[in-house]
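Order of appearance sets the numbers: ligands from 1, and atoms from 1 within every ligand.
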Amino acid sequence: MKNFISIKDIPSIDKALEVAKKVKHDRFAYKDLGINKTMILIFFNSSLRTRLSTQKAAMNLGMNTMVLNVNQDGWKLESELGVIMDGDKPEHLKEAIPVIGSYCDIIGVRAFASLDDKEADYQERIIQQFIDYAGVPVVSMEAATRHPLQSFADLITIEEHKKTARPKVVLTWAPHPRPLPQAVANSFVEWMKETDYELVVTHPKGYELADHFMEGVTVEYDQKKAFEGADFIYAKNWSAYNDYGQILSKDRSWCVDTEKMGLTNDAKFMHCLPVRRNMIVSDSVIDSKNSIVIEEAANREISAQAVLKMILEDL
Ligand SMILES: NCCC[C@H](NC(=O)CCC(=O)O)C(=O)O
Ligand SMILES: NC(=O)OP(=O)(O)O
């Protein structure tokens, strides 16, 4: 595997799950694979899980790791092409990326959507520049339109908890005070579509995700109806795609609560975290025995290690 930007980069879901299982069984069994190899993790945005789990995964494989928080530790980086650089950004990605690439064997990048330039976001202009100029494999640690390490961890978690071959998995929008990217939702849909699961997406009108992610996916605008018989409830806020980056609703009746969970088939509750309690999900649900958010986050180490292992094997 060369880069890891979306589900299209893995050989197959079955193969990825098989690698994840091996890694989880003994995460230190492949310590020789990364010896004298270095991974640099670049963050344009905040992170708790991605930063720690990816660094840990690289260390489990014997790699050295370095972290750069752009905007805090380093120069602000310009990503627009052809601009006159007379503003507050002293360095362009076109120099910064190959320089970073010269110091390492794998680059991880976190660069959220701007939410003001739909075209630039959906063309993945930042991560694409890393792919074009790095000269080494690039791993998305959440880019503008996808968060594949998260979706892979979500898949592992569902596989570990499912009680039937074809569980009903519901992705529900929930309210949030700030406009958030569509990346987690897009990516979750993209990965779930590749499984045999029954997938239903529920959100208020106006929150439709991009057509190319949603092709063939069932949308149910009635949240309670969507929850009926669900085995997994995956909550996430996202801002509007069509009315790009806008908050169209803060309707707290969409918060996942005990009453709605009562409509499900004793569903497990999932969220990628960080989560706003009593906006996205009630305390009673996230603190219940059906909440698997901590295991889900723990599986981020496994998904990252499986991905890095597959990349190292092809270096
Ligand atoms: N990495 C997982 C989620 C990251 C990001 N959430 C956030 O920015 C939440 C911030 C807040 O709650 O203010 C998102 O939705 O894409
Ligand atoms: N779920 C996730 O990616 O968390 P962080 O934003 O803390 O990395």
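Of the protein's heavy atoms, Leu180 CD2, 3.8 Å lies nearest to atom 9 (C) of ligand 1. Of all protein heavy atoms, the one closest to atom 4 (O) of ligand 2 is Arg49 NE, 2.8 Å. Nearest protein heavy-atom contact of atom 6 (O) of ligand 2 is Arg110 NH1, 2.8 Å.
Atoms of ligand 1 found under 4.0 Å from any heavy atom of Leu273 (numbered from 1 in listed order, with element): 2 (C). For ligand 1, the atoms lying closer than 4.0 Å to a non-hydrogen atom of His147 are 1 (N). The ligand atoms of ligand 2 that sit less than 4.0 angstrom from a heavy atom of Arg300 are 1 (N), 2 (C), 3 (O). In summary, the atoms of ligand 2 found under 4.0 Å from a heavy atom of Cys272, numbered by their order in the structure, are 1 (N). Listed by number with element, the atoms of ligand 2 under 4.0 Å from a non-hydrogen atom of His147 are 2 (C), 3 (O). Less than 4.0 angstrom separates some heavy atom of Glu142 from each of these atoms of ligand 1: 1 (N), 2 (C), 3 (C), 4 (C), 14 (C), 16 (O). Within ligand 1, the atoms closer than 4.0 Å to a non-hydrogen atom of Pro181 are 14 (C), 15 (O), 16 (O), numbered from 1 in the order shown.
At least one N/O-N/O distance between Leu48 and ligand 2 falls below 3.5 Å. Taking distance alone, with nitrogen or oxygen atoms compared against 3.5 Å, Ser46 stays at or beyond that limit from ligand 2. Between Thr50 and ligand 2, at least one N/O pair is under 3.5 Å apart. Taking any N or O of Asn237, backbone or side chain, none lies under 3.5 Å from an N or O belonging to ligand 1. In terms of polar-atom proximity, defined here as any N/O pair under 3.5 Å, Arg178 does make such a contact with ligand 1.
Taking OG of Ser140 as the reference point, atom CG of Asp9 lies at 9.5 Å (rounded to 0.5 Å). Interatomic distance, Arg178 CZ to Asn237 CG, rounded to the nearest 0.5 Å: 10.0 Å.
Residues Gln150 and Asp154 have side chains that bring a donor and an acceptor to within less than 3.5 angstrom of each other. A donor-acceptor contact closer than 3.5 angstrom links the side chains of Glu159 and Tyr197. Between the side chains of Thr65 and Gln55, at least one donor N or O lies within less than 3.5 Å of an accepting N or O. In summary, the side chains of Glu160 and Asn299 do present a donor paired with an acceptor at a separation below 3.5 Å, with no hydrogens or angles considered. With hydrogens and angles left out, the side-chain atoms of Ser114 and Asp116 include a donor and acceptor closer than 3.5 Å.
Using a 4.0 Å cut-off between charged side-chain N and carboxylate O, Lys224 and Glu228 make no salt bridge.
When heavy-atom distances to ligand 2 are checked against a 4.0 Å cut-off, Val184 has no atom that comes that close, whether in backbone or side chain. In Gln150, neither the side chain nor the backbone holds a heavy atom less than 4.0 Å from any atom of ligand 1. The proximity of Gln150 to ligand 2, defined as any non-hydrogen pair under 4.0 Å, is limited to the side chain. Only the side chain of Arg110 comes within 4.0 Å of ligand 1, counting heavy atoms alone; its backbone N, CA, C and O stay farther away. Neither the backbone nor the side chain of Trp238 has a heavy atom within less than 4.0 Å of ligand 1.
Under the 6.0 Å cut-off for aromatic ring centres, Tyr221 and His203 qualify, their centroids lying closer than that.
Among Leu273, Val275, Val293, the residue whose heavy atom sits closest to atom 1 (N) of ligand 2 is Leu273.
A 4.5 Å side-chain heavy-atom check between Trp254 and Thr172 finds at least one atom pair inside the cut-off. The side-chain heavy atoms of Tyr241 and Lys118, taken from C-beta on, include a pair separated by under 4.5 Å. Ser288 has its side chain out of reach of Met261: every pair of non-hydrogen atoms, C-beta onward, lies at least 4.5 Å apart.
Relative to the ring axis of Phe232, Lys162 does not place its NZ or CZ within 45° and under 6.0 Å from the centre.
Using a non-hydrogen distance threshold of 4.0 Å, Lys236 registers as a contact of ligand 1.
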